[in-house]
Amino acid sequence: MTAIDLGLPTLGGLEGVPTTDARQTAKDFTSDQEVRWCPGCGDYAILAAVRSFLPELGLRRENIVFVSGIGCSSRFPYYMNTYGMHSIHGRAPAIATGLSVSRPDLSVWVVTGDGDGLSIGGNHLVHALRRNVNLKILLFNNRIYGLTKGQYSPTSEVGKVTKSTPMGSLDHPFNPVSLALGAEGTFVARALDSDRKQLTEVLRAAAQHRGSALVEIYQNCPIFNDGAFDVLKEPGERERRIVPLRQGEPIRFGADGEYGVVRDPATGSLQVRKVAEVGEAALVVHDATRDDPSYAFALSRLGGQDLDYTVTGVFRSVDRPSYDDLARAQVEQARTAKPADLGALLRGKDTWTVE
Amino acid sequence: MTADVGSSPKVSHGAPAPGRPTEVRKLDRVVIRFAGDSGDGMQLTGDRFTSEAAAFGNDLATLPNFPAEIRAPQGTLPGVSSFQLHFADYDILTPGDRPDVLVAMNPAALKANIGDLPHGGTLIVNTDEFTKRNLTKVGYDSDPLEDGSLDAYTVHKVAMATLTRGALEETGLTKKDAERAKNMFALGLLSWMYHRPTEGTERFLREKFAKKPDIAEANVLAFRAGWNFGETTEAFAVTYEVAPASLPRGTYRQITGNTALAYGIVAAGQLASLPVFLGTYPITPASDVLHELAKHKNFGVTTFQAEDEIAGVGAALGASFGGALGVTTTSGPGLALKSETIGLAVMTELPLLVCDIQRGGPSTGLPTKTEQADLLQAMFGRNGEAPVPIIAPRSPADCFDAAVEAARIALTYRTPVLLLSDGYIANGSEPWLVPSVDELAPIEVDFATEPNAPDGSGEFWPYLRDPRTLARPWAVPGTPGLEHRIGGLEKAEGKGNISYDPDNHDRMVRIRQAKVDGIAVPDVEVDDPTGDAELLVVGWGSTYGPIGAACRRVRRLGMTIAHAHLRHLNPMPRNLGDVLRRYRRVVVPEMNMGQLAMLLRARYLVDAVSHTKVAGLPFKAEELQGVFTEIIKGVAA
């Protein structure tokens with residue numbers, strides 16, 4: 001995937017956050033706390049990727065904040081040597097909203113999971129996205145509840161047999177990318193815990209985005225849902241399942257690039273076809289900057305719960321003023337228009353005097 | 001201080017005012033109730049009369065009373081909206097138990113309110129609405145205006161809609177639009193009867209309808225028509241004067257509890273030199289605080305209307321983490337939703353101001369009615385041992401001081417603070433002696449800037465405490481060298497890392513309790529003028545007015561009684577135990593089932609008598625007078 005250069009005149013995602021010239025390494029972002037995820041947990045890979053990627057932003061460490069909810073993924077802030085808050089179940093986007101709106105000098109990251117972000121906290125997630133709060137939201141999706149020891153989650157496939165669903169789960173799962181696009185998220189991406197390179201590229205693009213950036217990260221839970229994403233990692237399988245998105249390039253995949261994505265002229269939906277059958281010219285050229293979210297949504301619908309086609313990369317990256325910037329601008333506008341005269345406020349318009 | 005009067009105002013007769021053929025009587029106090037359909041504009045009418053009384057210099061207290069439905073079916077009992085106003089030439093404590101004058105705009109308003117009008121009271125009725133159909137709708141078999149059932153009252157029958165329509169004939173407004181101004185006709189008539197100044201109302205109407213000048217003009221015309229009706233017809237033989245009150249010197253304004261609360265929040269931000277962040281969700285009767293604060297962004301106030309109650313308090317806490325004064329406003333059901341986040345604020349020891357404008361519960365309960373039944377929710381409504389300081393304002397204007405005080409405690413002790421107002425004082429209004437900004441004490445906030453580890457390691461320990469306040473340092477993101485992680489998991493004393501150590505948890509639970517217990521609150525003052533009372537009345541919050549008025553009545557009857565009113569519910573004043581033990585009997589009137597009484601009994605082993613009412617309306621002074629005198633007689637016997 002190439003770096004996302006959208007060429008739009010916009011505030012950078014990190015505008016206002018103080019930078020440093022000091023050389024930073026992953027170690028600078030490593031706290032003194034022992035990491036306590038299970039051996040083999042996909043969270044380790046994501047933690048390593050985040051720690052190694054942050055130095056390239058060149059931000060002052062004290063101006064980075066990680067806010068999380070509850071769940072395995074939400075222990076993340078303790079392991080980062082930045083400011084952090086491990087809050088309550090599902091509420092991280094709400095808490096981070098208050099922080100981000102009141103502090104333009106901070107780079108605020110939310111770490112959540114499929115249960116935390118899509119079940120108990122689903123409401124806050126969609127509202128943060130529609131408002132376009134300047135938050136970078138990393139949604140670790142392992143399609144299971146880990147910390148409560150193995151119940152199905154809102155991204156588990158239908159029929160999932162777990163402790164709480166011995167006869168198989170009944171509910172239809174969320175596709176987090178579709179959900180985020182439905183909420184008109186301005187930046188929506190997906191990556192795999194095992195693909196460090198792509199994960200880093202997506203994180204970089206997210207960091208530079210002004211507004212809400214939702215990054216779904218497929219993450220393996222070796223204890224309660226081991227191998228959930230194995231088909232996306234096995235040689236032979238992964239090539240025909242993973243559909244990587246590259247800005248400005250035809251959407252093409254397969255071991256030899258033999259598959260491609262085309263638009264069905266009858267329905268307008270997107271479909272996978274053999275390139276040899278449709279011709280290269282018929283392939284859809286990826287453009288994440290399309291304002292209408294329908295295209296990105298169609299991309300997110302290419303595959304189903306069985307991970308047959310799994311689109312990865314940046315689905316959507318569009319420019320829309322962030323809630324934080326707008327809210328602060330209103331305060332500034334009010335301040336410019338009217339001095340803060342407390343005495344005048346308290347007296348109001350109608351007073352009388354008792355001598 | 002003048003004693004509060006009993007049921008009938010004092011009257012002195014005077015000569016008619018020049019140019020007025022009617023007799024003018026001087027009164028020391030009057031209670032007027034405007035009642036009509038929800039769509040009749042009774043709240044606006046009452047509000048304007050209040051402003052006129054305030055501008056005239058009377059002391060006053062108001063009680064709006066309206067249904068939760070925005071427009072219940074027209075002309076029905078559930079749709080009745082009323083506004084009661086008590087104004088006087090001396091300091092008063094309540095909106096009055098019963099009206100002296102009832103203005104009824106339709107049969108439903110008459111039926112719903114006539115029971116409160118004492119015999120001999122004045123009734124002004126809009127006869128236009130007394131049609132057969134409207135009478136039947138509310139269950140009148142015959143017309144009460146004709147059947148003699150109102151003989152005990154002085155009844156003025158006025159065809160307000162017809163007269164208003166007539167006055168607006170030349171404006172070209174439709175019949176319906178013209179009749180809509182009949183509430184201003186009623187206001188004009190009452191303004192004439194009580195010699196109220198009128199300029200303020202005319203100015204107000206022109207400003208309110210600035211974008212619709214024809215409507216503004218119609219309302220002004222209707223207002224004048226009402227005045228002229230009183231002046232020119234001979235239906236009204238008497239008018240009344242209520243002289244200005246002799247209140248302490250200074251500049252006054254009229255203010256509702258919710259406005260005062262909003263101003264207190266703005267002031268707290270200014271006094272602490274901090275930005276204010278309000279995260280909230282609309283809920284009756286708290287929404288007006290949001291509306292008010294949204295107007296004052298020039299004071300560095302950010303208002304965030306969140307997706308729900310939980311997000312409102314969450315965002316406020318996030319802002320506090322970032323160094324703002326985080327505030328959330330709500331009512332009982334919303335407080336229930338916020339409880340987990342308040343627990344997080346207890347655990348993370350961050351400042352947070354939580355304002356609960358209580359209403360009738362449980363569940364959705366009575367959204368527009370008042371109650372004090374969230375005290376125990378505020379006190380204990382969280383999982384685990386999660387102590388939170390609680391402050392309760394006692395009157396509309398007192399909401400200002402209570403908000404500043406609550407913010408001061410939150411910022412000084414790094415703790416969530418609960419402020420318990422209620423629908424009665426939130427919507428009620430009274431004159432407020434506007435404080436001088438210079439007299440408001442600054443709120444000192446010291447952010448941590450340096451590593452603090454006592455071992456000289458250069459580390460920052462987020463849970464090392466100020467030995468005086470037991471507050472932990474407030475190190476906001478952006479401060480170099482103080483990077484740290486907080487959260488809902490138990491933390492090790494000092495260093496603040498996650499700790500599951502049993503002894504540490506026991507210690508941290510006790511420290512959090514000790515921090516709240518150690519908050520400096522002033523001693524409770526006892527109003528016991530003779531010093532030899534045997535009965536002590538203990539109240540909290542909005543019952544201050546009715547209890548105070550009842551105590552005045554009891555003393556006027558020659559009995560002694562003491563009154564202590566709690567502003568600080570947690571921690572309670574240090575001297576409270578001694579005060580309680582000084583009296584033979586203690587009675588605790590509350591608009592709940594005895595929540596404070598339960599706390600006092602548990603904490604001080606005092607045999608407090610609980611007197612309770614949960615009717616959605618404040619206590620009447622008369623009713624409390626009866627309760628108190630009965631107890632006094634019992635003690636004496």
Side-chain angles (χ1 to χ4, degrees), chain A residues 18 31-33 60-68 70 77-78 80-103 105-106 123-124 126-127 327-328 330-331 333-340 342-343 345-348 350-355, chain B residues 51 54-55 57 200 246-255 263 266-267 270 275 277 279 296-302 304 306-308 310-311 314-324 326 340-341 344 348 434-437 477-489 497-498:
Chain A
S31 77
D32 61 356
Q33 296 300 292
R60 297 182 68 98
R61 200 158 45 93
E62 63 269 21
N63 289 85
I64 300 174
V65 186
F66 281 85
V67 181
S68 64
I70 294 293
Y78 289 120
M80 297 295 300
N81 193 13
T82 62
Y83 282 87
M85 192 197 286
H86 175 220
S87 71
I88 39 184
H89 208 8
R91 316 303 169 203
I95 291 169
T97 294
L99 180 63
S100 185
V101 169
S102 50
R103 290 292 301 272
D105 59 330
L106 302 180
N123 195 34
H124 307 307
V126 295
H127 285 277
R328 288 188 293 261
Q330 275 195 345
V331 170
Q333 191 190 341
R335 280 185 150 153
T336 313
K338 201 173 168 189
L342 184 60
L345 172 72
L346 301 187
R347 283 189 302 278
D350 281 322
T351 57
W352 68 95
T353 306
V354 174
E355 301 293 342
Chain B
S51 294
S246 53
L247 299 170
R249 269 186 204 190
T251 301
Y252 285 80
R253 63 169 288 167
Q254 176 208 344
I255 199 155
Y263 286 1
V266 171
Q270 297 289 298
F277 185 97
H296 305 301
K297 294 190 160 66
N298 56 316
F299 289 91
V301 175
T302 301
F304 173 60
E307 57 272 23
D308 60 26
I310 300 172
L317 185 63
S320 285
F321 182 48
E340 190 184 13
T341 308
L344 178 65
T348 52
V434 181
S436 155
V437 172
T479 316
L482 308 192
E483 294 85 353
H484 65 283
R485 278 66 54 190
I486 55 176
L489 284 171
N497 292 321
I498 297 172

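All values derive from a computational prediction rather than experimental measurement. As a basis for the values below, the full set of heavy atoms in this structure was taken, side chains included, without hydrogen atoms, waters or symmetry mates. So that the names make sense, note that chain A is the first sequence line, chain B the second, and so on, each numbered from 1.
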Honestly, the part of A/Arg61 sitting under 4.5 Å from a heavy atom of chain B is both

- Within a strict 4.5 Å, meaning less than it, do heavy atoms of the A/Gln33 and B/Asn497 side chains meet? yes

Among A/Gln333, A/Met85, A/Gln330, A/Arg60, the residue with the most heavy-atom pairs under 4.5 Å to chain B is A/Met85

In terms of heavy-atom pairs under 4.5 Å with chain A, the winner among B/Leu317, B/Val266, B/Leu482 is B/Leu482

When the 4.5 angstrom heavy-atom criterion is applied to B/Ser51 and chain A, the contacting part is neither

Given A/Gly343, A/Gly98, A/Ala337, A/Gly348, the one with more heavy-atom pairs under 4.5 angstrom with chain B than any other is A/Gly98

Cut-off 4.5 Å, heavy atoms of chain B, and the answer for A/Arg91 is side chain

Whatever's closer than 4.5 Å to a heavy atom in chain A on B/Ala55 counts as backbone

Taking the side chain as everything from C-beta on, heavy atoms only, tell me whether B/Phe299 gets closer than 4.5 Å to A/Leu345. yes

With a 4.5 Å cut-off on side-chain heavy atoms, are B/Arg485 and A/Tyr83 touching? no

Bottom line for A/Val331: the part with an atom under 4.5 Å from chain B's heavy atoms is both

Query raised in the report: Between A/Ser102 and B/Thr302, is any pair of side-chain heavy atoms under 4.5 Å apart?
Result: no

Checked B/Ala324, B/Gly57, B/Gly250 vs chain A; the most non-hydrogen pairs under 4.5 Å come from B/Gly250

### Query
Does the side chain of B/Tyr263 come within less than 4.5 Å of A/Leu342's, by heavy atoms?
no

Closest heavy-atom pair, A/Ser68 versus A/Ser87, reported as atoms and distance to 0.1 Å, is O-OG, 2.7 Å

Correct closest heavy-atom pair for B/Asn298 and A/Ala334 would be CB-O, 3.3 Å

Q) When you measure from the side chain of A/Ser100 to the backbone N and O of A/Ala96, does any donor-acceptor pair fall under 3.5 Å? A) no

For this session: Using a cut-off of 6.0 Å, state whether more than 12 heavy atoms not belonging to A/Asp350 lie near its atom CG.
Result: no

Okay, B/Ile255 and chain A: the region with an atom under 4.5 Å from a heavy atom over there is neither

Q | Heavy-atom side-chain proximity of A/Ile70 to A/His86 below 4.5 angstrom | A | yes

When the 4.5 angstrom heavy-atom criterion is applied to A/Pro339 and chain B, the contacting part is backbone

Whatever's closer than 4.5 Å to a heavy atom in chain A on B/Pro275 counts as neither

The interface call for A/Thr82 against chain B, heavy-atom contacts under 4.5 Å, is backbone

**Study point:** B/Ser320 (side chain) donor-acceptor with B/Gly326 (main chain) under 3.5 angstrom
**Key:** yes

Under 4.5 Å to a heavy atom of chain B? For A/Val126 that would be neither

Note: B/Tyr252 and B/Leu247 closest approach over all heavy atoms is OH-CB, 3.3 Å

Turns out that what part of A/Glu355 lies under 4.5 Å from chain B's heavy atoms comes down to backbone

When the 4.5 angstrom heavy-atom criterion is applied to B/Gln270 and chain A, the contacting part is side chain

Chain A shares the most heavy-atom pairs under 4.5 Å, among B/Gln254, B/Lys297, B/His296, B/Arg253, with B/Arg253

Bottom line for A/Leu106: the part with an atom under 4.5 Å from chain B's heavy atoms is side chain

Note: vs chain B, highest number of non-hydrogen pairs under 4.5 angstrom among A/Ile88, A/Thr351, A/Thr336 is A/Ile88

Whatever's closer than 4.5 Å to a heavy atom in chain A on B/Phe277 counts as side chain

Most heavy-atom pairs under 4.5 Å with chain A, out of B/Gly300, B/Pro480, B/Pro477, B/Pro248, belong to B/Pro477

If you tally heavy-atom pairs under 4.5 Å between each of A/His89, A/Met80, A/Arg335 and chain B, the highest tally belongs to A/Arg335

Would you say B/Thr348 and B/Phe321 make side-chain contact, with heavy atoms under 4.5 Å? no

Counting heavy-atom pairs under 4.5 angstrom with chain B, the leader among A/Thr97, A/Asn63, A/Asn123 is A/Asn123

Closest non-hydrogen atoms of B/Gly279 and B/Ala316, given as atom of the first, atom of the second and distance, are N-CB, 4.3 Å

Honestly, the part of B/Leu344 sitting under 4.5 Å from a heavy atom of chain A is side chain

